[in-house]
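A short write-up of the structure that comes next.
Every number for a ligand or one of its atoms is a count from 1 in the order of the listing.
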Amino acid sequence: MKIFVINAGSSSLKYQLIDMATEEVMAKGLCERIGIEGSKLTHKPTGKNPFEAEKPMPSHTDAIKMVLDALCDKDHGVISSLSEISAVGHRVVHGGETFSCSTIINEDVKRALEICSEFAPLHNPANLIGINAIEEAMGKDVPQVGVFDTAFHQTMPSKAFMYGIPYKYYEKDKIRRYGFHGTSHRFVSGEAAKFFGKPIEELKIITVHLGNGSSVAAVKYGKVIDTSMGFTPLAGMLMGTRCGCIDPAIIPILMDKYNMSTSDVNNMMNKDSGVYGISGVSSDFRDLAVAASEGNKRAQLALDMFTYQTKSYIAAYAAAMGGVDAIVFTAGIGENSPSIREAAVEDMEFMGIKIDKDKNQIRGTVDVTAPDSKTKILVIPTNEELMIAKDTLQLIDNK
Ligand code: AMP
């Protein structure tokens with residue numbers, strides 16, 4: 001069984017073709033600048049030379065057709081015909097309260113996704129375009145599955161997902177915490193349970209996804225009970241360019257004082273803030289580490305804020321769960337930055353949390369727990385595409 005996994009953005013499309021017998025990636029790639037001048041496909045077939053093509057891609061359907069051609073090409077292809085693809089799994093950003101697990105896509109699901117677009121106006125429409133483009137390119141008979149970033153967090157109790165604003169905004173407008181990166185939190189918490197050799201239903205796990213976007217989740221006995229992102233992925237800790245949680249009163253004050261429009265403040269909070277806005281250097285943690293080591297105080301402040309906020313969530317979620325068996329670091333920063341991991345759990349010995357500084361330098365999937373730590377600290381690379389492919393396979397098997 002070969003599953004094609006798609007992550008469609010407004011002008012980009014990432015993909016992987018996964019052989020489910022081995023769980024190995026047969027090919028992966030990216031279409032950039034769809035619908036804009038300078039469209040480009042970068043295709044990386046496993047065991048063969050990568051292939052790049054700059055060719056107009058006016059729509060997502062054109063992009064998908066190019067990708068499907070590349071997959072079947074005699075030189076850089078990995079399959080002989082499209083009939084080898086059993087199903088297509090899509091990353092869908094927002095499933096609202098409608099989707100608490102992955103689902104086979106049909107016309108009703110598409111309509112529900114359109115309704116959820118109100119919550120993720122930049123992402124959900126692109127996901128839907130991706131779904132329709134596959135239908136156009138491969139026909140209606142190929143099963144398609146939607147895997148939602150929000151779904152894993154749907155188990156949160158109302159005391160964790162409600163905001164302290166008038167209740168009518170929840171009833172009428174569904175304003176509440178949804179949480180994101182759910183596929184990643186689900187994957188790494190599942191892998192952590194495998195590491196323990198115990199059912200996830202017996203474990204209290206804090207998953208710490210630190211990447212361009214960052215979020216923390218409390219996974220108690222396999223169910224999320226709280227997570228740091230909110231109604232949108234802007235909430236929680238400060239991130240690369242996103243501000244995370246701030247005093248909401250700051251917004252109207254800045255709007256009045258600087259005559260800012262809603263799109264001005266949205267841009268400021270999403271694109272000019274976070275560690276980039278604090279440091280004035282970069283949103284990339286490698287650049288920040290270099291700048292801080294050269295004495296740049298604002299770069300150091302940005303790093304300190306980031307690790308302090310991570311630590312605050314870890315402590316809060318340990319309290320919320322009444323203890324923690326494992327803390328799992330994942331994503332670009334969580335997997336690759338020993339110094340961020342070390343600072344995020346510094347001085348937590350009083351809670352039974354202690355990292356082994358030497359083991360923490362090792363790369364890959366690794367247990368970095370100090371011998372005298374009660375809580376395990378693990379680094380587990382995330383693999384959202386494999387999780388999407390597994391869900392897709394499971395749903396079409398049960399069809
Ligand atoms: P992601 O969104 O998960 O792809 O993570 C991307 C982020 O990971 C980048 O913005 C970098 O800041 C960070 N990153 C990648 N490699 C390293 C590294 N070796 N050290 C620190 N940060 C890293």
>> Looking at Arg176 and Glu97, is any side-chain nitrogen of the basic one under 4.0 Å from a carboxylate oxygen of the acidic one?
In response: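 So Glu97 pairs with Arg176 through a salt bridge.
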> Are the charged groups of Arg111 and Asp108 less than 4.0 angstrom apart, N to O?
Replying inline: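 Here Arg111 pairs with Asp108 in a salt bridge, since their nearest N and O are under 4.0 Å apart.
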> How are the rings of His94 and Phe180 set relative to one another: parallel (under 30°), tilted (30 to 60°) or perpendicular (over 60°)?
Replying inline: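 Perpendicular, since the angle between the ring planes exceeds 60°.
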Closest protein heavy atom (residue, atom, distance) for [atom]:
| atom | answer |
| --- | --- |
| atom 10 (O) of ligand 1 | Asn212 OD1, 3.2 Å |
| atom 22 (N) of ligand 1 | Phe285 CB, 3.6 Å |
| atom 13 (C) of ligand 1 | Ile333 CG1, 3.5 Å |
| atom 11 (C) of ligand 1 | Asp284 OD1, 3.5 Å |

Is there a nitrogen or oxygen of [X] sitting under 3.5 Å from a nitrogen or oxygen of ligand 1?
| X | result |
| --- | --- |
| Ser337 | no |
| Gly332 | yes |
| Gly213 | no |

>> Less than 4.5 Å apart, side chain to side chain, heavy atoms only: is that true for Val25 and Leu17?
In response: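 Contact flag for Val25/Leu17 side chains = no.
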> Against heavy atoms of Gly211, which atoms of ligand 1 measure under 4.0 Å?
Replying inline: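 Those qualifying, in numeric order: 1 (P), 2 (O), 3 (O), 5 (O).
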> Could you give the distance from NE2 (His90) to CD (Gln144), rounded to the nearest 0.5 Å?
Replying inline: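 Output value for this atom pair is 3.5 Å.
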> Can you list the steps and then say if Ser86 with Ile396 is a side chain to side chain contact (heavy atoms under 4.5 Å, CB included)?
Replying inline: CA-CA 9 Å; Ser86 306; Ile396 61 165; 4.2 Å; yes
>> Under the criterion ring pair (Phe, Tyr, Trp, His ring centres under 6.0 Å), I'd like the reasoning laid out for His181 against His153: C-alpha separation, chi angles, the key distance, then a yes or no.
In response: CA-CA 9 Å; His181 295 141; His153 302 300; 8.6 Å; no
>> Strictly less than 4.0 Å: does any protein heavy-atom distance to atom 8 (O) of ligand 1 fall in that range?
In response: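 Yes, at least one protein heavy atom sits under 4.0 Å from atom 8 (O) of ligand 1.
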